[in-house]
Protein chains: 2
Amino acid sequence: MSQQQAVLAVSTVIFSLRSDPTTGISTVWIPVVRRIREPHEGRWALPGGPLRVDDDLEEAARSHLLETTGLTPKYLEQLYAFGKVGRSPGPRVVSIVYWALVESDEAARATVGENVTWLSTDELPELAFDHNLIVDYALWRLRTKMEYSRIAHAFLGDTFTLAQLREVHEAVRQKPLDPANFRRTIESSKTVVPTGEFVTGTRHRPARLYRYDGSIDLADSGPLQ
Amino acid sequence: MSQQQAVLAVSTVIFSLRSDPTTGISTVWIPVVRRIREPHEGRWALPGGPLRVDDDLEEAARSHLLETTGLTPKYLEQLYAFGKVGRSPGPRVVSIVYWALVESDEAARATVGENVTWLSTDELPELAFDHNLIVDYALWRLRTKMEYSRIAHAFLGDTFTLAQLREVHEAVRQKPLDPANFRRTIESSKTVVPTGEFVTGTRHRPARLYRYDGSIDLADSGPLQ
DNA sequence: ACAAAAGTGTTATTCATACACCCATGC
DNA sequence: GCATGGGTGTATGAATAACACTTTTGT
């Protein structure tokens, strides 16, 4: 039943951090939508849909993100075009996939309806189509990019403590980092400036608040902007 | 005059090294094809064309590469999907672009006809569509990836001297490298094994020949293969 | 006082870089 | 012999990592 042209779709892997209510440890979560028709009816799938002919690709990713979560991403990047013949039953579909980071505080307040839920990437069920592969690849990119760029800030608000920034790295990279060395690494990177304020109310020494130096891009994408 | 669906195309940036006949310095070259119809008739463009509905994306990139140059790439990777509305006059076109590396010796023997030529990336003319941006981005990826992967081997034959391998790095990274340090870096990486043979006939000490350890991928692409 | 996390100091180790020098060949 | 690039040795400084220690708060 092949037709003349392949169908173009845009999907997005949206990452946010959530802390486990019992252990308090942050992990990576994604929103998914329930498929309300065949194929894969009932299964969870990445937010997305067919590309309208007048929409830019990134535009389309942004609007699907807004529609399903009510959120605006603090970081958005193209991931990959998945186009294997047979990856979807029926007509040929080529999906251009984006990945996005949203602020964790906002994500907690995000829309959750009958057909939208957040899942932990630690224990994903079987998703629709090849979406498990897509999420795995997006996670791999998130983890490798976390090591050499400054995307961690996209999970945080305007101001943050170094402990919070470290927590982001630990959640994504899945290993503890030495607080002392982490502090020095960040400080010497010059990407962060102290606000002069402190967080009080904790039962220990108040932590200094920092702000991200907005004149620096979160990641170097070369000639693309 | 927009139609219902965007048109899907696949193009490829094909890299090879050529040494300047006068200076003897290697630089990066790409093959381009002349457009024989509007839009941009007469301009040079990247090899590519519309995606046939039964072709896999990578498959399509491979066959365009074979058709225009008669070559098989030693490395092929998806670069990016370019889809900005208005990047091509007429119907909306989304191009999924691959980049490829071909062995330099073979490339010298590659097909060159009336409508195909090789251009130095050092002095590119104005290409059709947004292909200058695409080449710039591909070059950026090539250069950054050269620093942390082993793709340099894709430019070389089965056996090579460390001087040849170093020449590849120097050509792409556009700066001289210390032969002594380069040697140690490569040797400690364990990606290369001496064949036991030497290159004689030079007017200096014979250079040891090496072979790439085929059990290691040229680049780590994570969960994708 | 004590716990807990913020923040500083110190040292060992690995890695990058620069460069002096010896080796083996063709001429 | 000399020129040329192949190949080895070694010193220096920077980046990374491990961990002891001091500071400042709440209870």
Side-chain angles (χ1 to χ4, degrees), chain A residues 19 23-26 143-144 146-150 152 156-157 159-211 220, chain B residues 19-20 23-26 143-150 152 156-157 159-212:
Chain A
S19 52
T23 66
I25 296 171
S26 285
R143 292 195 168 117
T144 48
M146 183 71 65
E147 306 213 7
Y148 65 85
S149 76
R150 294 147 305 269
L156 298 172
T159 62
F160 49 85
T161 66
L162 289 187
Q164 289 175 316
L165 181 58
R166 176 164 50 85
E167 200 185 330
V168 172
H169 275 88
E170 289 178 336
V172 172
R173 294 162 61 178
Q174 297 183 114
K175 68 172 180 183
L177 300 172
D178 183 309
N181 295 332
F182 182 80
R183 161 178 301 276
R184 271 182 294 254
T185 307
I186 298 298
E187 278 174 345
S188 68
S189 77
K190 304 285 185 192
T191 54
V192 112
V193 283
T195 63
E197 287 173 64
F198 292 82
V199 174
T200 54
T202 58
R203 58 185 170 124
H204 56 76
R205 177 172 172 178
R208 190 180 288 276
L209 275 172
Y210 291 82
R211 182 186 307 281
D220 180 8
Chain B
S19 52
D20 186 296
T23 67
I25 296 171
S26 286
R143 294 196 168 116
T144 48
K145 206 143 192 167
M146 182 72 64
E147 306 212 6
Y148 66 84
S149 77
R150 292 145 310 265
L156 298 171
T159 62
F160 48 85
T161 65
L162 289 188
Q164 290 174 316
L165 181 58
R166 178 165 48 85
E167 200 186 330
V168 172
H169 275 87
E170 289 178 336
V172 171
R173 293 162 62 177
Q174 298 182 115
K175 69 171 180 184
L177 299 172
D178 183 311
N181 295 331
F182 183 79
R183 162 177 299 275
R184 272 183 294 254
T185 307
I186 298 298
E187 277 173 346
S188 67
S189 77
K190 305 283 186 196
T191 54
V192 110
V193 285
T195 63
E197 288 174 63
F198 292 82
V199 175
T200 54
T202 57
R203 58 186 168 124
H204 56 76
R205 178 172 172 177
R208 192 180 287 276
L209 275 172
Y210 291 83
R211 183 185 307 282
Y212 185 67

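Per chain, numbering begins at 1; letters A, B, ... match sequence-line order.
- Rounded to an integer number of Å, the gap from Ile186(B) CD1 to dA16(C) P is 11 Å.
- Between the CG atom of Leu162(B) and the P atom of dG7(D) there is a distance of 7 Å, given to the nearest Å.
- Taking atom CD on Gln164(A) and atom P on dA5(C), their separation rounds to 14 Å, with Å as the unit.
- Here the C1' atom of nucleotide dA5(C) and the CG atom of Leu177(A) are 16 Å apart, to the nearest Å.
- Across all strands, Thr202(A) comes closer than 4.0 Å only to sugar-phosphate atoms, never to a base (heavy-atom distances).
- Counting heavy atoms from C-beta on, the side chains of Leu165(B) and Phe182(B) come closer than 4.5 Å.
- Residue pairs satisfying the salt bridge (Lys or Arg N to Asp or Glu O under 4.0 Å) criterion with at least one member in residues 195-209 of chain B, sequence neighbours excluded, are absent.
- Checking the phosphate oxygens (OP1, OP2) of dG7(C), a side-chain nitrogen or oxygen of Arg183(A) falls inside 4.0 Å.
- The side chain of Phe198(A) has dG7(C) as its nearest neighbour among dG7(C), dT25(D), dG26(C).
- The NE2-C1' distance, from His204(A) to dG7(C), rounds to 12 Å in whole Å.
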Inset, instruction - Produce a footprint string for nucleotides 11-19 of chain D: one letter per nucleotide, 5' end first; B if the base is under 4.0 Å from any protein heavy atom, S if only the sugar-phosphate is, - if neither. - result: ------BBB
Legend entry - Verdict with supporting geometry, Leu162(A) and Gln164(A), side-chain contact (heavy atoms from CB on, under 4.5 Å): CA-CA 5 Å; Leu162(A) 289 187; Gln164(A) 289 175 316; over 6 Å; no
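- Interface remark: the Arg205(A) side chain does form a donor-acceptor pair with the dT23(D) base, using a distance-only criterion of under 3.5 Å.
- In this structure, Thr159(A) OG1 and Tyr210(A) OH are separated by 12.5 Å, a value rounded to the nearest 0.5 Å.
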Legend entry - side-chain contact (heavy atoms from CB on, under 4.5 Å) between Tyr148(A) and Asp220(A), worked out: CA-CA 10 Å; Tyr148(A) 65 85; Asp220(A) 180 8; over 6 Å; no
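- Rounding to whole angstrom units, CD of residue Glu197(A) and P of dA6(C) are separated by 17 Å.
- In this structure, CD of Glu187(B) is placed 11 Å from P of dG9(D), rounded to the nearest angstrom.
- Of the inter-residue distances, the one linking Glu170(A) atom CD with Met146(A) atom CE reads 11.5 Å to the nearest 0.5 angstrom.
- Arg166(A) places its CZ atom 10 Å from the C1' atom of dA6(C), with the value rounded to the nearest Å.
- Counting only residues at least two apart or in different chains, salt bridge (Lys or Arg N to Asp or Glu O under 4.0 Å) contacts with residues 179-189 of chain A comprise Arg183(A)-Glu187(A).
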